[in-house]
Amino acid sequence: MAEIIDGKGLAEKIKQDLCVRATEFEKKSGRKVGLAVIRVGNDPASAVYVSNKIKACERCNIRSFSFCFDEATSQSALIDLVHKLNKDPDVDGILVQLPLPKHIDERAVLSEILPQKDADGFHAVNAGKLFLGEKGGAVACTPRGIIELIKSTGVSISGKHAVVVGRSNIVGKPVAALLLQNDATVTVCHSRTQNLKEITSLADILVVAVGKSNFITADMVKPGAVVIDVGMNRGADGLCGDVDFNGVKEVAGYITPVPGGVGPMTVAMLLCNTVDGANNE
Ligand code: NDP
């Protein structure tokens with residue numbers, strides 16, 4: 001029976017430390033660390049994520065600046081705001097909540113954020129630094145949180161076979177780069193991968209970011225593996241992950257629950273990136 005990795009508890013501890021760091025920054029600089037959060041449209045899931053992020057800022061003595069745009073807002077209006085926030089000395093981090101409406105080119109907007117204020121770590125400069133192993137760039141929040149969750153188990157990443165299912169720019173690719181940096185042997189799987197089960201069954205560390213409920217079943221998991229479930233799928237029964245939790249927990253050594261695993265760590269890492277950004281000025 002797997003040990004459940006308590007992402008919520010770990011995120012709370014990280015937020016307590018962040019509160020101390022944010023308060024030290026305020027004493028030193030005479031102003032609070034600031035995070036600007038931009039949302040476009042009425043997607044209910046995005047509204048919940050943004051509200052959680054703003055609440056977390058309050059808990060950590062970080063000032064939040066919230067901007068809500070109508071669904072029909074133009075790309076140039078959004079970019080104008082980003083430019084204004086880039087110049088605002090009270091703003092250390094800028095977050096554009098994804099997804100954006102279809103008429104807006106996400107990459108075009110994200111690339112306008114100053115890399116030093118890129119709280120989500122999605123800017124090409126920061127993604128490039130991650131892939132080159134250069135220090136000082138903001139690391140994408142969910143991948144950064146995943147590494148902390150794995151480390152919290154006490155299982156060493158070095159030399160292990162890590163399998164990542166999913167190759168998105170926000171989860172799969174950056175988490176694969178981070179696992180490689182931590183000396184894992186990394187295999188990345190995607191929708192064209194053949195014999196997926198044979199590959200996942202070899203994983204000492206299995207990270208799943210597919211977006212399909214109960215996609216990974218117990219027969220696909222190596223006994224004793226560390227299983228990180230990134231999925232957040234909303235269905236009739238509420239929120240569920242990409243991993244069949246009840247089946248896989250009988251086989252794995254460690255497993256993250258959904259909710260209470262990766263999600264809270266993503267928020268904690270967003271605030272970490274913001275406080276890091278303020279201190280790097
Ligand atoms: P994307 O839709 O961008 O990527 C999904 C990936 O899964 C793609 O690379 C796709 O392959 C791959 N995939 C799809 N079907 C299969 C299959 N049958 N076999 C193997 N691989 C497959 O999703 P994201 O990475 O943005 O998100 C994944 C999940 O994680 C979602 O549920 C999302 O809500 C959640 N999420 C949770 C976060 C958190 O904080 N907890 C943060 C971000 C995301 P291909 O590239 O070939 O299409």
Side-chain angles (χ1 to χ4, degrees), residues 1-11 45 140-266 269:
M1 177 80 130
E3 202 173 295
I4 313 297
I5 306 174
D6 179 12
K8 199 170 170 208
L10 184 58
C141 305
T142 302
R144 190 176 173 186
I146 290 170
I147 297 296
E148 294 302 320
L149 287 166
I150 298 169
K151 286 185 174 168
S152 78
T153 65
V155 172
S156 161
I157 299 175
S158 178
K160 297 287 161 42
H161 185 191
V163 174
V164 179
V165 190
R167 57 172 165 180
S168 69
N169 289 335
I170 63 169
V171 188
K173 282 181 202 160
V175 83
L178 281 176
L179 287 161
L180 193 58
Q181 246 178 42
N182 281 274
D183 299 322
T185 303
V186 183
T187 304
V188 182
C189 302
H190 46 79
S191 66
R192 310 291 170 89
T193 298
Q194 294 180 359
N195 306 323
L196 183 68
K197 181 178 155 183
E198 281 169 29
I199 301 169
T200 57
S201 301
L202 296 174
D204 303 306
I205 298 168
L206 180 60
V207 178
V208 189
V210 172
K212 291 185 176 162
S213 305
N214 300 326
F215 181 76
I216 296 289
T217 45
D219 57 324
M220 300 170 82
V221 175
K222 180 176 174 177
V226 179
V227 178
I228 307 291
D229 187 354
V230 186
M232 290 213 290
N233 308 298
R234 280 166 210 280
D237 302 333
L239 197 62
C240 94
D242 289 345
V243 175
D244 169 24
F245 182 82
N246 287 328
V248 172
K249 77 175 188 324
E250 302 298 325
V251 180
Y254 300 87
I255 186 168
T256 56
V258 179
V262 174
M265 286 298 285
T266 297
M269 293 300 125

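All figures in this text were calculated on a predicted structure; none of them were measured in a lab.
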Side-chain polar contacts of residues 172-183 - donor-acceptor pairs under 3.5 angstrom, sequence neighbours left out - could you list them?
residue: K173; atom: NZ; partner: N169; partner atom: OD1; Å: 2.8
residue: Q181; atom: NE2; partner: L130; partner atom: O; Å: 3.1
residue: N182; atom: OD1; partner: K151; partner atom: NZ; Å: 3.4
residue: N182; atom: ND2; partner: L178; partner atom: O; Å: 2.8

Would you compute the distance between atom [atom1] of [X] and atom [atom2] of [Y] and round it to the nearest 0.5 angstrom?
{"X": "C240", "Y": "N214", "atom1": "SG", "atom2": "CG", "answer": "5.0 Å"}
{"X": "I157", "Y": "I147", "atom1": "CD1", "atom2": "CD1", "answer": "4.5 Å"}
{"X": "D6", "Y": "L149", "atom1": "CG", "atom2": "CG", "answer": "9.5 Å"}
{"X": "I228", "Y": "I150", "atom1": "CD1", "atom2": "CD1", "answer": "5.0 Å"}
{"X": "D242", "Y": "K212", "atom1": "CG", "atom2": "NZ", "answer": "9.5 Å"}
{"X": "E3", "Y": "T153", "atom1": "CD", "atom2": "OG1", "answer": "8.0 Å"}

Just do the side-chain contact (heavy atoms from CB on, under 4.5 Å) check on V171 and I146 with the steps written out, would you? CA-CA 9 Å; V171 188; I146 290 170; 4.2 Å; yes
Shortest non-hydrogen contact from [X] to [Y]?
{"X": "A162", "Y": "A184", "answer": "CB-CB, 4.0 Å"}
{"X": "K222", "Y": "D204", "answer": "NZ-OD1, 2.7 Å"}
{"X": "S152", "Y": "L10", "answer": "CB-CD2, 3.9 Å"}
{"X": "A218", "Y": "V248", "answer": "N-CG2, 3.7 Å"}
{"X": "T187", "Y": "H161", "answer": "OG1-NE2, 2.8 Å"}
{"X": "T200", "Y": "K197", "answer": "OG1-O, 3.2 Å"}

State whether the side chain of T256 and the backbone N or O of D229 hold a donor-acceptor pair below 3.5 Å, judged by distance alone. yes
Main-chain N/O of G241 paired with N233 side-chain donor or acceptor, under 3.5 Å: yes
Under a 4.5 Å cut-off applied to non-hydrogen side-chain atoms, are T142 and I170 in contact? no
4.5 Å side-chain heavy-atom contact, E148 and M269: yes
side-chain contact (heavy atoms from CB on, under 4.5 Å) assessment of T193 paired with V165: CA-CA 9 Å; T193 298; V165 190; over 6 Å; no
Exactly one of V155, I4, I205 should register a side-chain contact (heavy atoms from CB on, under 4.5 Å) with Y254. Which one does? V155
Please test V258 against F245 for side-chain contact (heavy atoms from CB on, under 4.5 Å), starting from the C-alpha separation and ending with a verdict. CA-CA 8 Å; V258 179; F245 182 82; over 6 Å; no
